[in-house]
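This report concerns only the one structure given below.
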Amino acid sequence: MITQRSWLRASRSTYFVKTIDERDGNVEQRIPTRGPLDLAATLESGQSFRWERHQGGYTGVAAGHLFFVRSEDTELVVSSPSCTDPASWARAYFDIDTDYNELCTLLRGSDSKVAEAVDYCPGLRLLRQDAWETLVCFILSQNNNIPRIKQMVHRLCSRWGARRTEGAHCWWQFPSPESLASATEEEGKQLGLGYRALALVEAAGKVSSGMLDLDSLSEMSTDEAREILMQQRGIGRKVADCVLLFGVGKLDAFPIDVWIKRGLEHQYFAGEGQNLNVLREFAQDHFEHHRGYAQNYLFYFTRSSSRKK
DNA sequence: TGCCAGGCCTTCC
DNA sequence: GGAAGGCATGGC
């Protein structure tokens, strides 16, 4: 498998321009986005669950810090009351080192269906998130909808996350594995997490004890990493692939949820229902390169166009 | 009011 | 090995 990232990356000549945000006094940093960037699509599409609209942009918590982001023309503007170098965080988080002009061109060349999905929202980014946070969020995601997942994550953070205050701002950090490991299944259920509570507490215990080393997953093959994740309670093929794609940077992962299943069946199988294994094999062969990016665009296209109808 | 949701697990055949 | 049913509950 040829990795696409090496040649999608261009030189790291990104420059930052610092200004002062008059609204809250935080230093703003501006990053050239190198291709389209649609913040609404990216932050509300069910990759991450901790962002809210705020004064023409978004506010959210990541890596323990509170961030404000907005897009202006070809720049991403980012500030934070606590992080001293929000631009460095944003560049990684929003996949800025990938040239999305080039990526979109590559994907459009794969087939007309993918081209349609890319053209529907070329500014959709693949977020590069923390593996632990991604693991927790996607354990909660099973048989659930995005607004409710956001609620659950919010409750989880305010119950077991550390509270931080900086000036006029306060926020909850994402709970550490140690913090969640101290919780019980019953407490999770009382918080409205349902039957997912047990999987959550077990995963926290394994991560905090070192039995499950999330950092090591990036060093493994995607298949090896997936196998380890799927040994955990409450983590099946789909959740594992989401963790690998959004949290570990395995760009060949291709999570198949109900929307992707529907989309693939509609686009490639004349609407005829297919077994999940058939769809996995199809995706493996058909989307040989940049599979994870293709999945992201197809998910957004299928879900959004369906909701419009 | 009833179906659905970024599914997984167990049981049954 | 694959299909069916159960699981909690808010959104639509």
Side-chain angles (χ1 to χ4, degrees), chain A residues 40-52 117 121 124-131 133-156 159 184-203 206 226-248 250-251 253-267 272-281 283 287 291-309:
Chain A
T42 302
L43 296 177
E44 295 186 36
S45 63
Q47 298 181 60
S48 175
F49 304 95
R50 293 206 72 190
W51 292 93
E52 300 293 339
C121 185
L124 178 70
R125 297 268 167 152
L126 185 73
L127 293 177
R128 306 306 196 92
Q129 304 176 69
D130 173 72
E133 182 170 335
T134 312
L135 178 74
V136 171
C137 291
F138 281 94
I139 284 176
L140 294 179
S141 77
Q142 63 176 274
N143 200 20
N144 212 342
N145 55 63
I146 292 172
R148 185 163 173 246
I149 298 166
K150 286 179 73 170
Q151 285 186 16
M152 284 181 171
V153 171
H154 176 73
R155 289 200 296 267
L156 192 78
R159 173 69 177 80
T184 64
E185 178 189 3
E186 193 53 38
E187 287 174 324
K189 285 186 172 176
Q190 285 172 0
L191 207 64
L193 308 182
Y195 57 87
R196 307 163 188 87
L198 177 58
L200 207 60
V201 172
E202 276 196 12
K206 289 188 177 179
R226 180 188 299 118
E227 195 173 329
I228 287 176
L229 287 172
M230 288 180 64
Q231 287 171 1
Q232 317 307 317
R233 183 195 299 271
I235 301 182
R237 171 73 184 235
K238 191 269 171 182
V239 169
D241 280 338
C242 283
V243 174
L244 293 173
L245 181 59
F246 302 130
V248 183
K250 296 294 187 186
L251 300 176
F254 192 94
I256 299 180
D257 72 330
V258 292
W259 292 106
I260 286 290
K261 181 175 188 296
R262 219 170 272 163
L264 291 179
E265 288 167 348
H266 175 72
Q267 300 278 29
E272 199 172 314
Q274 301 293 320
N275 181 284
L276 278 176
N277 287 327
V278 171
L279 296 177
R280 284 179 194 125
E281 284 181 21
F287 306 109
R291 194 177 301 136
Y293 286 112
Q295 192 276 354
N296 207 31
Y297 283 111
L298 286 168
F299 171 81
Y300 186 80
F301 173 67
T302 306
R303 182 168 178 269
S304 302
S305 52
S306 166
R307 289 158 68 90
K308 270 189 179 176
K309 289 172 193 169

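Residue numbering restarts at 1 for every chain, and letters A, B, ... go by the order of the sequence lines.
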Next on the checklist: Does any part of the side chain of A:T184, heavy atoms only, come nearer than 4.5 Å to the side chain of A:V201, both counted from C-beta?
Outcome noted: no
Next on the checklist: Heavy atoms only, 4.0 Å cut-off, all strands: where does A:F246 land among base, sugar-phosphate and nothing?
Outcome noted: base
Next on the checklist: So if I take residues 231-242 of chain A and measure heavy-atom distances to DNA chain B, which residues fall below 4.0 Å?
Outcome noted: A:Q232, A:R233, A:G234, A:I235, A:G236, A:R237, A:K238, A:V239
Checklist entry - Between atom CG in A:L140 and atom C1' in C:dA8, what is the gap in whole Å? => result 13 Å
Checklist entry - Touch check for A:L193, heavy atoms < 4.0 angstrom, all strands: base, sugar-phosphate only, or nothing? => result nothing
Checklist entry - Could you state the CG-C1' distance from A:L200 to B:dC8, rounded to the nearest angstrom? => result 14 Å
Checklist entry - Hey, would you say the A:F138 and A:F49 ring centroids sit under 6.0 Å apart? => result yes
Item to check | With A:K206 via side chain to side chain contact (heavy atoms under 4.5 Å, CB included) - residues at least two apart | outcome: A:M211, A:L212, A:Q232
Item to check | Gap in Å between the two P atoms, one belonging to C:dG11 and one to B:dC8, rounded | outcome: 23 Å
Item to check | Pairs involving residues 136-146 of chain A, ordered by first then second residue, that meet side-chain hydrogen bond (donor to acceptor under 3.5 Å, both in side chains) (sequence neighbours left out) | outcome: A:N144-A:R148
Item to check | For atom NZ of A:K261 and atom P of B:dC4, their distance in whole Å | outcome: 13 Å
Checklist entry - Toward the 5' end of DNA chain C, which comes first, A:Q151 or A:N275, by nearest nucleotide? => result A:N275
Are there any protein N/O atoms within less than 3.5 Å of an N/O atom in nucleotides 5-7 of chain C, and if so, which ones and at what distance?
none

Next on the checklist: Rounding to an integer number of Å, can you tell me how far A:W259 CH2 sits from B:dG7 C1'?
Outcome noted: 15 Å
Checklist entry - What is the distance from CG of A:L191 to P of C:dA8, rounded to the nearest Å? => result 15 Å
Checklist entry - Where the side chain of A:N277 is concerned, which of C:dT9, B:dC4, C:dG2 is the nearest nucleotide? => result C:dG2
Checklist entry - Rounding to a whole Å, what distance do you find between A:M152:CE and C:dG11:P? => result 11 Å
Item to check | Nearest-angstrom distance from the residue atom CD1 of A:I146 to P of B:dG6 | outcome: 5 Å
Checklist entry - If only side-chain N and O atoms of A:R196 are considered, is one of them under 4.0 Å from the OP1 or OP2 phosphate oxygen of B:dC8? => result no
Checklist entry - Taking CG from A:D257 and C1' from B:dA5, how many angstroms apart are they, rounded to a whole number? => result 9 Å
Next on the checklist: What I want to find out is whether A:E133 reaches A:R50 closely enough, with some N-O distance under 4.0 Å, to be called a salt bridge.
Outcome noted: no
Checklist outcome for this item: Here the pair of heavy atoms bringing A:L245 nearest to A:G292 is CD1-CA, 3.6 Å
What N/O pairs connect the protein and nucleotides 11-13 of chain B at under 3.5 Å? Give each pair on its own line.
none

Next on the checklist: Suppose you measure atom P in B:dT1 against the same atom in C:dA8; what distance do you get, rounded to whole Å?
Outcome noted: 23 Å
Checklist entry - Counting heavy atoms not belonging to A:E187, are there more than 12 under 6.0 Å from its CD? => result yes
Checklist entry - Has the side chain of A:Q295 got a donor or acceptor atom that lies under 3.5 Å from a matching backbone atom of A:P255? => result yes
Checklist entry - If you measure from the P atom in B:dG6 to the same atom in C:dG5, how many Å do you get, rounded? => result 23 Å
Checklist entry - Do A:L124 and A:F301 touch side chain to side chain, with heavy atoms closer than 4.5 Å? => result no
Checklist outcome for this item: Parsed dot-bracket for DNA chain C after applying the Watson-Crick and G-U rules with both distances under 3.5 Å and | for other-strand partners is |||||||.||||
Next on the checklist: Rounding to an integer number of angstrom, what distance separates C:dC12 and B:dG7 when you compare their P atoms?
Outcome noted: 16 Å
